[in-house]
Amino acid sequence: QRVRKMQTSHIDNSRIEKQIWTPFPEAVFKLNVDVAISSKDQMAGMGAVIRDSRGKVVAARIKQAQQRGNVSLAEAEAVQWGMQVAREATLSSLIIESDCLEVVELVNNTKSSRTEIHWTISEIQKQRKSFQNVKVKYVPRQCNACAHSLAKLALGRNTRTIWLQTMPVEVSNVMVL
C-alpha cells in the first residue's frame, strides 16, 4: 500500500492538458495512422482513418503486414502506407498525425537516423512531393485512439479492408471528436 500511495502522489495532474479537436481548413484532410504489434506472431496491424474538416470519416482502412524491424520502423511504414491510402483517395492536402514522436521528427527533418528506418523515411519524404500540401504532426496516443483501434483490429484479420464514410462497429466506441 505504501508504494502505491507514493506512486500516485507523484502524478502532477496540472501538467496534463486535455486535447480538444479543432477544425482545420476545408480543403485539407486529416490522416491518423498507427500500428499494433504482435511480437509472438511477428505481425504488424496498421490502421488509417481519414477525416474531413468537420471530423466526418471519409475512409478507414486496415492492413496486416510482417513485422520487419523495431516499432519505430513499423510506425514509419504505417505513415508511408497511410499516404498511399490518401493518394488512392485522390487527396492533395493532408495533415498526417502519428503517436510516434521519433517518426514525426525524422519525417520533419528535426532528427536524423542512420538505422534501417532511414530508407522508409526517405520514401515518405519522396511521397510528400506528390501532394500539394502535407504536414506531419505528433499526437499523444489518446488522440490517436481510432487509428490504434483499427491497427489492433487488423492484427485479427488477415485481409485488407476499407470502409467508406463509416467505421467498423469494433472501432465506433472510440470515435470521439
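Judged as a side-chain contact (heavy atoms from CB on, under 4.5 Å), and not counting sequence neighbours, the contacts of Ser93 are Val28, Gln132, Asn133.
With rounding to the nearest 0.5 Å, the separation of CG in Asp99 from CZ in Arg141 is 5.0 Å. Expressed to the nearest 0.5 Å, how far CD of Gln64 lies from CG of Leu153 amounts to 10.5 Å. One distance of note links CG of Asn144 with CG of Asp34; it measures 5.0 Å at 0.5 Å rounding. Atoms CG and OG1, from Asn70 and Thr115 in turn, are 7.0 Å apart once rounded to the nearest 0.5 Å.
Cluster annotation: Leu73 and Leu106 are assigned to the same hydrophobic cluster (Ile/Leu/Val/Met/Phe/Trp/Tyr, side-chain heavy-atom contacts under 4.5 Å, transitive). Hydrophobic clustering places Val134 together with Leu101 (ILVMFWY residues linked when any side-chain heavy atoms are closer than 4.5 Å, directly or through intermediates). Met46 and Val104 fall within the same hydrophobic cluster, defined by Ile, Leu, Val, Met, Phe, Trp and Tyr side-chain heavy atoms under 4.5 Å apart, directly or through other members. Leu155 and Val33 fall into different hydrophobic clusters, where Ile, Leu, Val, Met, Phe, Trp and Tyr residues are linked whenever their side-chain heavy atoms come under 4.5 Å apart, directly or through other members.
Across Ala74 and Val35, no two heavy atoms sit closer than the pair CB-CG2, 3.9 Å. Scanning both residues, Phe131 and Ser92, for their nearest heavy atoms gives CB-O, 3.5 Å. Nearest heavy atoms, Ser130 versus Gln127: OG-O, 2.7 Å. When all heavy atoms are compared, the tightest approach of Ala36 to Ala151 is N-CB, 3.5 Å. Looking at every heavy atom in both residues, Leu91 comes nearest to Leu94 through CD1-CD2, 4.1 Å. Across all their heavy atoms, Leu150 and Ala48 have their closest contact at CD1-O, 3.5 Å.
Side-chain contact between Ser72 and Cys100 is present, with heavy atoms from C-beta onward closer than 4.5 Å. The closest side-chain heavy-atom distance from Asn108 to Lys137 is not below 4.5 Å. Considering only heavy atoms from C-beta on, Thr161 comes within 4.5 Å of Trp163 through its side chain. A heavy-atom distance below 4.5 Å is not found between the side chains of Phe29 and Ile95.
Around CZ of Arg160, the count of heavy atoms belonging to other residues, nucleotides or ligands within 6.0 Å does not exceed 12.
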For residues 38-45, run the donor-acceptor check on the side chains, cut-off 3.5 Å, and write out each pair with its distance to 0.1 Å, sequence neighbours left out.
{"unit_1": "Ser38", "atom_1": "OG", "unit_2": "Asp41", "atom_2": "N", "d": "3.3"}
{"unit_1": "Ser38", "atom_1": "OG", "unit_2": "Asp41", "atom_2": "OD2", "d": "3.3"}
{"unit_1": "Gln42", "atom_1": "NE2", "unit_2": "Ser39", "atom_2": "O", "d": "2.8"}

Contacts under 3.5 angstrom, residues 75-85 side chains, donor-acceptor by atom type, not counting sequence neighbours:
{"unit_1": "Glu77", "atom_1": "OE2", "unit_2": "Arg68", "atom_2": "NE", "d": "3.0"}
{"unit_1": "Glu77", "atom_1": "OE2", "unit_2": "Arg68", "atom_2": "NH2", "d": "2.1"}

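At a threshold of 4.0 Å, the pair Glu97-Lys135 does not count as salt-bridged, since none of the basic side-chain nitrogens sits closer than that to a carboxylate oxygen. A salt bridge is absent between Lys30 and Asp52: the closest approach of a Lys/Arg side-chain nitrogen to an acidic carboxylate oxygen does not fall below 4.0 angstrom.
Side chain of Gln125 to main chain of Val107: a donor-acceptor pair is present (N/O by atom type, distance under 3.5 Å, no hydrogens or angles). The closest donor-acceptor contact from the side chain of Glu105 to the backbone of Thr110 lies at 3.5 Å or more, if one exists at all.
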- Please walk me through it: do Val103 and Tyr138 pass side chain to side chain contact (heavy atoms under 4.5 Å, CB included)? CA-CA 9 Å; Val103 169; Tyr138 166 77; over 6 Å; no

- Message: Pair Asn32, Arg51 - check side chain to side chain contact (heavy atoms under 4.5 Å, CB included), show working.
- Response: CA-CA 9 Å; Asn32 286 81; Arg51 293 187 179 117; 4.2 Å; yes

